[in-house]
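One-based numbering, in listed order, for ligands and for the atoms of each.
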Amino acid sequence: MNARFGPAGNPDSFYREGHKSSLDMPRWLRERGLNAYEYQCVRGVNIGRETARRLGELAAEYGIYLSIHAPYYVNLAASEEEGREKTKKHLLDSMLAASWMGAGVVVFHPGSARGDRAAAMERAINMLGEVLRQAGEDGLDGILLAPETMGKRSLLGSLDEVLELCGLDERIIPAVDFGHLHAAGGGLLNSTGDFAQVLDRVVAALGRERSRRLHIHFSPVEYTAAGERRHRTTRDSGFGPDFACLAPLLADPSLEFTLICESDGLQAEDALFYKSIYEQAVASGREDRG
Ligand SMILES: [Zn+2]
């Protein structure tokens with residue numbers, strides 16, 4: 001399977017139907033035709049070993065690819081000892097939970113760009129090196145870390161910064177959040193060519209082989225001059241970026257990708273909507289090739 005679609009966390013409709021436990025999600029997703037799930041540890045890694053194991057078993061049973069979103073409190077650029085230790089713990093705890101549930105990727109927000117941006121990046125690279133060293137000692141080498149492109153310029157996580165972090169080690173891959181890139185750039189992504197430029201920069205930085213497997217976040221985003229304001233849904237009109245511009249590029253059969261949708265409350269519905277657009281792009285690509 002080279003195309004995976006799914007939600008970040010549990011959508012409103014899941015709860016409205018009376019479900020309470022994330023353990024119900026793998027089957028729920030399968031029944032709707034989705035095959036990826038980003039488990040949210042954004043307020044802390046609170047999942048126990050047994051629950052994580054069970055979630056992993058159910059995900060395997062229903063063919064759902066798992067990833068984890070690490071706590072929002074991660075700040076690779078933290079300059080004080082306390083913040084550095086917390087960041088390390090949040091990332092390592094997320095990687096441990098990922099190993100329990102068989103998730104391949106831990107997505108995280110790189111951190112604050114306050115003060116001297118170059119100095120913040122230098123601290124971030126050192127910190128990430130420390131986390132990877134410890135992960136190796138803890139037997140967590142198999143889990144990939146994915147710094148996410150961010151929607152505000154006050155945060156580390158421009159595409160260039162994320163790619164620079166990826167240059168540190170093969171165990172780091174970019175989480176390309178197109179909604180965030182669009183917002184941070186003041187409405188940057190408006191055509192297939194605009195999206196192609198982003199993918200080309202990933203290939204230029206990481207090489208074709210490492211760029212074949214993409215971890216993508218996609219949802220409409222409302223933004224101001226300062227960048228991202230909030231995530232919207234495809235049912236709110238007037239908010240980009242438009243997935244129809246990206247779909248023809250993803251229809252490249254040599255690409256393998258996981259697209260996680262973060263639309264506000266409708267993340268599963270919008271993931272399905274994006275999947276249908278992607279399938280149309282694949283079908284018309286086949287016609288073009290005859
Ligand atoms: Zn995120």
Side-chain angles (χ1 to χ4, degrees), residues 4-11 22 25 36-47 65-78 86-87 90-91 93-95 97-98 103-113 120 124 127-128 131 143-163 165-166 172-185 188-189 198 202 214-223 226-233 239-241 243 246 257-268 270-271 274:
R4 306 186 192 99
F5 291 83
N10 307 340
S22 295
M25 272 299 275
Y37 178 41
E38 194 148 289
Y39 185 82
Q40 304 289 290
C41 292
V42 297
R43 314 253 169 239
V45 183
N46 301 314
I47 189 167
Y65 177 87
L66 292 177
S67 51
I68 284 186
H69 197 306
Y72 289 144
Y73 322 118
V74 164
N75 180 8
L76 289 180
K86 277 190 185 151
T87 287
H90 286 315
L91 287 174
D93 285 354
S94 300
M95 292 172 91
V105 176
V106 169
V107 175
F108 68 96
H109 297 175
S112 169
M127 180 86 241
L128 200 48
V131 169
I143 312 293
L144 300 176
L145 280 175
E148 177 178 331
T149 59
M150 298 306 294
K152 290 193 182 97
R153 283 182 294 271
S154 58
L155 299 171
L156 290 182
S158 68
L159 182 59
D160 283 338
E161 286 164 347
V162 164
L163 293 173
L165 294 174
C166 293
I172 309 173
I173 63 163
V176 183
D177 188 315
F178 285 100
H180 284 169
L181 288 175
H182 186 67
L188 190 71
L189 301 170
V198 173
V202 174
L214 290 173
H215 195 84
I216 295 170
H217 282 181
F218 207 103
S219 50
V221 171
E222 180 181 344
Y223 59 87
E228 173 190 17
R229 183 173 208 175
R230 55 175 287 212
H231 286 186
R232 290 289 192 151
T233 79
F239 298 100
F243 182 70
L246 174 61
F257 67 90
T258 302
L259 185 146
I260 297 298
C261 179
E262 297 185 309
S263 290
D264 183 28
L266 287 171
Q267 57 270 52
D270 276 359
Y274 292 150

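At least one N, O or S atom of E148, from either the backbone or the side chain, sits less than 2.8 Å from the Zn ion (ligand 1). Within the 2.8 Å limit, H109 places at least one N, O or S atom next to the Zn ion (ligand 1). Among the backbone and side-chain atoms of H69, an N/O/S atom is found under 2.8 Å from the Zn ion (ligand 1).
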Check your understanding: Can you list the steps and then say if H231 with H180 is a side chain to side chain contact (heavy atoms under 4.5 Å, CB included)?
Key -> CA-CA 9 Å; H231 286 186; H180 284 169; 3.4 Å; yes
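The shortest non-hydrogen separation linking G157 to V162 is CA-CG2, 3.9 Å.
Between F178 and F218, the two ring planes are tilted [angle within 30° to 60°].
Judged purely by atom type and a 3.5 angstrom limit, S263 has no side-chain atom pairing as donor or acceptor with the backbone of L266.
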